[in-house]
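Quick caveat, the model's predicted, so the values are computed rather than measured. In the text below, chain A, chain B and the rest are named by the order of the sequence lines, each starting its count at 1.
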Amino acid sequence: MTLIPTLSTDFLTPLYRFILLHHRQTLTHTVPCQTQDYDLIARYRLMFKPHSNTIKAIRSRLLDWYDQNARSLPWRPASPTSAPIPPYYTLVSEAMLQQTQVATVIPYFHRFLETFPTLETLANADEQQVLTLWQGLGYYRRARNLHACAKTIITEHNGIIPSDIDSLLALPGIGQYTAGAIASIAFNQPAPILDGNVIRILSRIFFITDPTDHTPVKKQLWLLADQLVPAPVSTDFRPGDYNQSMMELGALICSPRNPKCDTCPIQKLCKAYADGSPESLPVTLPKSKPRPVNHHILAITHPSQPNTYLLEQRPPTGLWSNMYQLPTLELNHSKDIATDQLAAYAQKHLKIKPQAITPLKTFKHQTTHLTITFHLHAITPAFIPSQLKPKTQWRSLDKLADLPFSNPQLKAIKAMN
DNA sequence: AAAGCGGGGAC
DNA sequence: GTCCCAGCTTT
């Protein structure tokens, strides 16, 4: 019994060739197999080589379903016959859609393109303006990467977004998924994608019960996705539409909970449905819980100018990098002791000697890794400092529209007005 | 391999 | 409350 998979490598990128080679070796070492390995080997066979009829059925059913049920979205052509959208639109939408739902992205996408209608306008913009348009969307590194991406494409690719996976992967903020999405959607290249939707669908169709965020399983899923994406020789060579049909199915039918199996175009091909357990897949590794921390916000009023407060810019790395805020420090102990610490911090780091510190408000903010309790304090300086620390400035709260703030900072600022 | 990185939708 | 979302990067 041979377990060497027969894959066409004609259209695989070097990365996939590497993965494939690695697993060929793995499988070679598995032969001859031990009896206790039969289950594992059966699973590997399945994952490597679905029956060609299964592959064809999945492709054609998904494409037919997509033609009838695709949502109208701003980054899609209005109809199959209308002009293709610029690759720049695909780049922007894919950056925004990373870990973010379609409904959340739509208004941001419109505002962004209104301000930066072309790659060149984006490349020439200030990072501050790009971040401000991203305000509230989260994962702000995406905005800075997209901005850097535009600059790089202008200088190193003559302003033309590259269509090959390797060039795309070299750009900041573009990983395997986004490279595959841009190559397939914007340039109709037969590149696979693997996002949360595709993982969910593949794990259910092929009944993959291993944790899908485990690296070897993830590699198998990439190989599976690579086999399923239409190849140039096939009659239904629409890799961009096929990839989008997978994600569309994951969003509209094959949802994490309460999947609508009754209306699923590939229900008959789904092993998890046959097993009666689609909702139990995919299996994921347990995630760590958010850590509680305390952040203290200092609302320092200008002694003479009304409604004017001291602002600072956050460091270029870490949480809310490069965004603006009322001076804020992390201080993790009881609130009573905090006042002295706040005064010391204001003197040392802001050159402000507080005349009075008044607690104003406390509120919680949730991120993926932190549960932050914000403590908002009003501070009246004893005098106006002769000079300010770098990256700090006095600013009227009426004139903040051009600066990027995190949601909790906006909340604190709103409480001051 | 694991952690850091946001905010909101859906239930 | 929970889980997850058209993931990427750093350690």
Side-chain angles (χ1 to χ4, degrees), chain A residues 70-71 73-76 89-109 131 134-146 148-149 168-186 191-201 211-219 222 225 240 242-252 254-259 279-280 282-291 293 314 317-323 364-372 404-411:
Chain A
R71 290 169 292 182
L73 298 176
W75 47 87
R76 285 180 182 163
Y89 287 28
T90 309
L91 174 65
V92 173
S93 67
E94 289 302 336
M96 289 186 168
L97 285 162
Q98 287 167 8
Q99 292 291 287
T100 310
Q101 294 183 183
V102 165
T104 306
V105 165
I106 289 175
Y108 282 89
F109 181 80
L131 270 177
W134 215 270
Q135 178 174 281
L137 196 56
Y139 283 156
Y140 300 95
R141 189 172 54 188
R142 294 180 293 170
R144 306 208 290 140
N145 281 336
L146 178 59
C149 205
L168 287 166
L169 277 176
L171 295 169
I174 296 185
Q176 273 191 38
Y177 161 77
T178 308
I182 294 174
S184 63
I185 296 171
I193 58 163
L194 191 70
D195 74 328
N197 293 300
V198 179
I199 290 171
R200 191 165 56 251
I201 294 169
T212 53
D213 35 16
H214 194 48
T215 302
V217 179
K218 186 69 76 73
K219 286 180 180 175
W222 270 107
Y242 167 78
N243 282 339
Q244 293 191 80
S245 76
M246 287 287 277
M247 298 190 284
E248 199 79 345
L249 189 80
L252 300 181
C254 198
S255 43
R257 281 177 290 183
N258 304 321
E279 218 173 356
S280 67
V283 174
T284 57
L285 266 25
K287 299 162 187 67
S288 57
K289 291 175 184 172
R291 185 166 50 89
V293 296
R314 292 181 64 86
T317 59
L319 189 63
W320 298 307
S321 52
N322 276 8
M323 299 179 79
K364 283 189 181 299
H365 181 79
Q366 190 70 42
T367 77
T368 308
H369 293 274
L370 299 174
T371 301
I372 308 175
F405 294 89
S406 68
N407 276 7
Q409 287 293 330
L410 287 174
K411 196 169 182 175

Could you write out each protein N or O paired with an N or O of nucleotides 9-11 of chain B at a distance under 3.5 Å?
from, atom 1, to, atom 2, distance (Å)
B:dG9, O4', A:Q101, NE2, 3.1

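- Looking at heavy-atom distances under 4.0 Å, A:R144 makes no contact with the nucleic acid at all.
- Take A:R76 and apply the salt bridge (Lys or Arg N to Asp or Glu O under 4.0 Å) test, not counting sequence neighbours, and it matches A:E248.
- Considering only side-chain N and O atoms, A:W75 lies nowhere under 4.0 angstrom from the phosphate OP1 or OP2 of C:dA6.
- No side-chain heavy atom of A:V198 sits under 4.5 Å from any side-chain heavy atom of A:Y177.
- Between the C1' atom of C:dA6 and the CG atom of A:L252 lies a distance of 13 Å, rounded to the nearest Å.
- Residue contacts for A:G136: at a heavy-atom cut-off of 4.0 Å it reaches the sugar-phosphate backbone alone, with no base atom in range.
- Evaluated for a side chain to side chain donor-acceptor pair (under 3.5 Å) with A:Q98, the options A:T178, A:N145, A:D195 yield exactly one hit, A:T178.
- Relative to the side chain of A:T284, the nucleotides C:dC4, B:dC5, B:dG7 differ in distance, and C:dC4 lies closest.
- By the side-chain hydrogen bond (donor to acceptor under 3.5 Å, both in side chains) test, A:T367 is found to be paired with no residue, residues two or more places apart in sequence or in another chain being considered.
- The side chain of A:P408 lies closest to B:dG7, out of B:dG6, B:dG7, B:dA1.
- Note on A:K287: a side-chain N or O is less than 4.0 Å away from OP1 or OP2 of C:dC4.
- Contact annotation: A:N197 does not reach the phosphate of C:dC4 (side-chain N/O to OP1 or OP2, under 4.0 Å).
- For A:H365, the ring-ring contact (aromatic ring centres under 6.0 Å, His included) partners at least two apart in sequence or on another chain are A:W320.
- Note on A:Y140: a side-chain N or O is less than 4.0 Å away from OP1 or OP2 of B:dG7.
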Atom pairs under 3.5 Å: protein N/O with N/O of nucleotides 9-11 of chain C:
from, atom 1, to, atom 2, distance (Å)
C:dT9, OP1, A:G173, N, 2.6

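- The phosphate of B:dG7 (OP1 or OP2) has a side-chain N or O of A:H365 nearer than 4.0 angstrom.
- Using a 4.0 Å heavy-atom cutoff across all strands shown, A:T178 reaches sugar-phosphate atoms only and no base atom.
- Comparing atom distances between the A:R71 side chain and each of C:dG7, C:dA6, B:dA1 picks out C:dA6 as nearest.
- Rounded to whole Å, the distance from NZ on A:K289 to C1' on B:dA3 is 17 Å.
- As rounded to the nearest Å, B:dG9 and C:dC8 have C1' atoms that lie 22 Å from one another.
- Here CZ of A:F109 is found 6.5 Å from OH of A:Y89. Values are rounded to the nearest 0.5 Å.
- If you take CG of A:D195 and C1' of C:dC8, they are 14 Å apart, rounded to a whole angstrom.
- For the pair A:H369 and B:dC5, the criterion of a side-chain N or O lying under 4.0 Å from OP1 or OP2 is not met.
- No engagement by A:R314 is indicated, since no non-hydrogen atom pair under 4.0 Å with the nucleic acid exists.
- At the heavy-atom level, A:H214 lies nowhere under 4.0 Å from the strands shown.
- Across C:dA6 and B:dA3, the matching C1' atoms stand 23 Å from one another, rounded to whole Å.
- The side chain of A:T368 sits closest to B:dG6 out of B:dG6, B:dG4, C:dA6.
- Along DNA chain C, the nucleotide closest to A:G196 and the one closest to A:P256 are compared, and the more 5′ of them pairs with A:P256.
- A:R314 is not listed as a side-chain neighbour of A:S321, based on a closest heavy-atom distance of 4.5 Å or more.
- Applying the side-chain hydrogen bond (donor to acceptor under 3.5 Å, both in side chains) criterion to A:T284, with sequence neighbours excluded, gives A:K287.
- Counting any heavy atom pair closer than 4.0 Å across all strands shown, A:S321 reaches no nucleic acid atom.
- Phosphate contact (OP1/OP2 of C:dG7, side-chain N/O of A:Q98, threshold under 4.0 Å): absent.
- Atom CE of A:M246 is separated from atom P of C:dA6 by 13 Å (rounded to the nearest Å).
- Here the separation of B:dG6 from C:dT11, taken at their P atoms, is 15 Å to the nearest Å.
- To the nearest angstrom, P of B:dG6 lies 17 Å from CG of A:L97.
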